[in-house]
Structure formats: C-alpha cells, structure tokens
2 protein chains.
Amino acid sequence: MNKNSAIIRKGRKYDQVLDGARDLFMAHGFESIGVDDIARRADVSKATLYSYFPDKRMLFMEVARLECQRQAETLEAAVDVEQPVEVVLGVVGRGLLEIVLSEFGWNMFRVCIAEGERFPELGQQFFETGPKILIDRMCAFLEIAEARGEVIVEDRALAADQFPELCKAGVFLRLVTGVQTEFSQDEIDRVVDGAVEMFMARYGVKAG
Amino acid sequence: MNKNSAIIRKGRKYDQVLDGARDLFMAHGFESIGVDDIARRADVSKATLYSYFPDKRMLFMEVARLECQRQAETLEAAVDVEQPVEVVLGVVGRGLLEIVLSEFGWNMFRVCIAEGERFPELGQQFFETGPKILIDRMCAFLEIAEARGEVIVEDRALAADQFPELCKAGVFLRLVTGVQTEFSQDEIDRVVDGAVEMFMARYGVKAG
DNA sequence: CTGAAAATGAACCGACCAGTTTATATTCAG
DNA sequence: CTGAATATAAACTGGTCGGTTCATTTTCAG
C-alpha cells in the first residue's frame, strides 16, 4: 500500500465522510442534518467521523471550502478573456446564475446567513473563496477590456460589484424567500441579457 | 373601559408581548431567542404568551408583518413622485439601504432564509409585505416618469427589479457574510449614486 | 363586593441532538 | 501469525428548548 495516501489523507474513510457530508449538507443545509445522518449516509460510524473532524462545524467548513473551490474553477474555465466584453459578461452572468440557482449555491448561502452569528468564520470563508474571487477576476478583466478600448470604468471595484448583483435582479430575492424556486432558461436569459445591456450602456464605449 | 379595545386586541398584555418579542427578535434573530426570553422581557408569563399566540412561529410572523409594514410606510412617505427621476431614485436607494443595513432588515432577512424550509410561509409573507411593495411602486413610478418623457423602459418589471439590486451592490453580500458590518455614509452614497447613474445611462432620455 | 376572566410561575414533558465512551471486531504491515 | 492501528455499534451524557398543565393569585366589570 502506498505510504503517501496515509499521509495525505488521514485515513481510509476520510473521503467517504466528506462525500456523505457534502451530499446531505448541500441538499438540506446545516442545522437540519444530524451528525448521525451523515455517519449513516457515509457508511461510517459516528466515532470514526469524529476521529477525522473535531466537530460538525469543521466538517461543514471543509465541505464548503472544497465545493466553493470547485465552482470557482468551473466558472473560470468557461471564460475566454479574448472575447468581446459583451460575450464574456454573458458567459459570466449565466455561469453565476447557474451557481446561485443550484442546490449548492442556495444552501451555501442559507447556511452562511443562518449561522452567521454562531460561527462567523464560515461566512467570511465563503466570501473569500467564492464571491471575492469573482469580483477580483472581474476587476482584472475590466482593466484588460479598458486597455482594449471597449469600456471606460472610473470606479472598477464598484463596477465589479454591480454586474453580479445585476445578474441576480429579481431572481435571487424570489429564490431565497421561496416565492419562486424554478427559473426557465428564458427567464435567466432575460435577466442576464438585461444586465449586460445595462452594464454596457453605462460603461461601454460607443460604437466605432 | 372602551369595549372595542377588548375586541380589537385580545387582552391587556397583547402589545406587551409583541413589543418584547420585537425587541428580542430584531436584535438576535429567531432561533437564538427562546420563548422564555421573550416572556421574561415582556414581563409576562409563558402561559400568557401562549394564550395569545399559538406558537413561536406565529408570534414571529406577526412581529415581522408589523415591522415590514412600518418600514414600507416610512420609505413611501419620503418619496415625492413629482421630483425628477434622478432625485426620486436617490431617495429610494438611500431609504432602501437604510432598511437593509438596519438591525431589523438584516435580522428579518436572516430569519427568512435560515428558516426557509422549516416554515416557508414566512419568506413569502416577507416578500409580499416588503420587497414586493417596493417593486410595485417602482413600476408605477416608471410609468409616470415615462409619461413625463424622462425615461424609456421597455421591460418595466425588469427595471424595477434591477434598481434595488443595484443599490445593494457590494454592500449586501459583505454584510450577510460578516465581512463588513458597518458602512459609512460615503460608502452608501457611492453605491447609490452609482446605481442612479447606471440606471439613467440605460433608461434615461438624453438631455433636451 | 363578588365572581368570572385573565395572568402567574413553576414544575414538568418529550423530543432532539452534539459529542463521548466502551467493549468488540476488522484491517493490514511486517 | 501477530499485534497495533483503525473501525464499529450502541448505549449514554448533558444540555436545550418548545410547549403544556395546574393550582394559586390578580384584575376588573357590573
């Protein structure tokens, strides 16, 4: 047996636990899932679970960290900065909405907010490993686009905050309040296209 | 003693309970507050409390309903639709941010999301009595403004969703994740003014 | 003053759940 | 084969909290 595996991961069933936890947490949030549920789902004893993770929170944070990372990488891979601004924004917007509307995005958000005062580290970790990355990339991209003469942005940080928010217009609030839980591709296109149009109207350099 | 008061309100200490509940819920959210805490704060016995409200949820929903109503009225009173669009939007934006950043707004939101799956009615009630009202008024105002020739808005519902979202750019996410909890007037002005500028760039009718 | 309605408080119930312990069983390297 | 490391099941602890009950006291209209 390869010695590295024992060093890198702390035991044979480490990933099993993580996978089970991810499934349940992402589907039902944090509080409504018991440690017993996770152990059962992961086909692992509770004692084993606690031999890997000090407590439920830490387990959740690890799940969240990994999942955020995965989502960020997926979105980033879909972007080609060589494309015109409108195209890039469209891709980013649609990708963002996909995350926001996914089981993961929704539950991640829910837990961050719900548990905000009981463990604040989570919300901050989420922001740093999720939205923050998007905003940073957005800033960098706007700089490139400005160098290409496609846009003029005085306050880049503000613009980078505005676009993602614009993409969630109408969708996010209805989602989190439970007023609407399913969104058609048409609805998504309408809001993303609307966001791109608005963004370009404000920052785009006129044709020519 | 006036007979109506007995009919309208169900007992002498009804308001006492409501007030105590509001204070605690708005300051600490839903789950972290116990029914015993509320009874103690309201100077009322637990049994009395339960003689007015069937359970903790219903108590919270009533508190939420009243508070939403109050906030909506305050914001509405501050608006003068006779003013130019830019001015009205500025007032609305600043008023909205004040609500969002307040103890009430923040906790209201938190609870809606946190308890979303345990009692969905709350989120929906919140949406209907809060954001929905703003959006509706916004639509109506855009129609008026368009009649005055100040703006041209093809998709009014979308625009009415976009503006409030734009006002929260950068602020909301940092707030709920706990990354930033205090916002200076300068920061608020920057984002609201940015929102108005962007909105006018997209929908405003050029000078003249 | 009086009697019904309202309020009290304190004990109590039952459910839930994170985390621990223990005695037993399985795995696997050497 | 052996023994140390790891895993297991299940019982147990300790605490929280929503909601109920009831015998007693307070309030207040008529």
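First the proteins, then the strands, lettered A, B, ... as listed; each starts at 1.
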Q | Residues A/R70 and A/E73 bridged, charged N to O under 4.0 Å | A | no
(Q) Give me each pair satisfying side-chain hydrogen bond (donor to acceptor under 3.5 Å, both in side chains) with a member in residues 158-172 of chain A, each pair once, sequence neighbours excluded. (A) A/D161-B/R174, A/Q162-A/Y203
(Q) Just the rounded figure in Å: distance from P of D/dG18 to CZ of B/R40. (A) 12 Å
Q: Grab the CZ-C1' distance between B/R12 and C/dT8 for me, whole Å please.
A: 11 Å
Q. Near DNA chain D, under 4.0 Å by heavy atom, which residues of residues 31-39 of chain B?
A. B/I33, B/G34, B/V35
Q: May I ask you to verify if any side-chain N or O of B/Y52 is less than 4.0 angstrom from the OP1 or OP2 atom of C/dA7?
A: yes
Q. Rounded to whole angstrom units, what separation is found between the CZ atom of A/R57 and the C1' atom of C/dG19?
A. 14 Å
Q) For the pair made of CG in A/L59 and P in C/dG19, what is the distance, rounded to whole Å? A) 10 Å
Q: Classify the side-chain pair A/S51/A/T48 by whether it contains a donor and acceptor separated by less than 3.5 Å.
A: no
Q: Could you pull out all residues at least two apart from B/E143 that satisfy salt bridge (Lys or Arg N to Asp or Glu O under 4.0 Å)?
A: B/R156
Q: Would you tell me whether B/Q69 and B/T129 have side-chain atoms, one donor and one acceptor, within less than 3.5 Å of each other?
A: no
Q: With sequence neighbours excluded, give me every salt bridge (charged side-chain N to carboxylate O under 4.0 Å, His left out) pair touching residues 82-91 of chain A.
A: none
Q: Round to the nearest Å and state the distance from B/Y50 atom OH to C/dT8 atom P.
A: 15 Å
Q) Atom CE of A/M58 to atom P of C/dA18: distance rounded to whole Å? A) 16 Å
(Q) Using a 6.0 Å cut-off, check whether atom CD of A/E98 has over 12 heavy atoms from anything other than its own residue. (A) no
(Q) Nearest 0.5 angstrom please: A/F53 CZ to A/Y14 OH, how far? (A) 4.0 Å
Q | Spacing of A/R118 atom CZ relative to C/dC17 atom P, expressed in whole Å | A | 13 Å
Q: With sequence neighbours left out, write down each residue that passes salt bridge (Lys or Arg N to Asp or Glu O under 4.0 Å) with B/R57, or none if nothing qualifies.
A: none
**Q.** Euclidean distance, atom CZ of residue A/F30 to atom P of C/dC17 [Å, nearest integer]
**A.** 12 Å
Extract from the structure each pairing of a protein N or O with an N or O of nucleotides 8-12 of chain D at less than 3.5 Å, listing the distance.
unit_1, atom_1, unit_2, atom_2, d
D/dT8, OP1, A/K13, NZ, 2.6
D/dT8, OP2, A/S45, N, 3.1
D/dT8, OP2, A/T48, OG1, 2.7

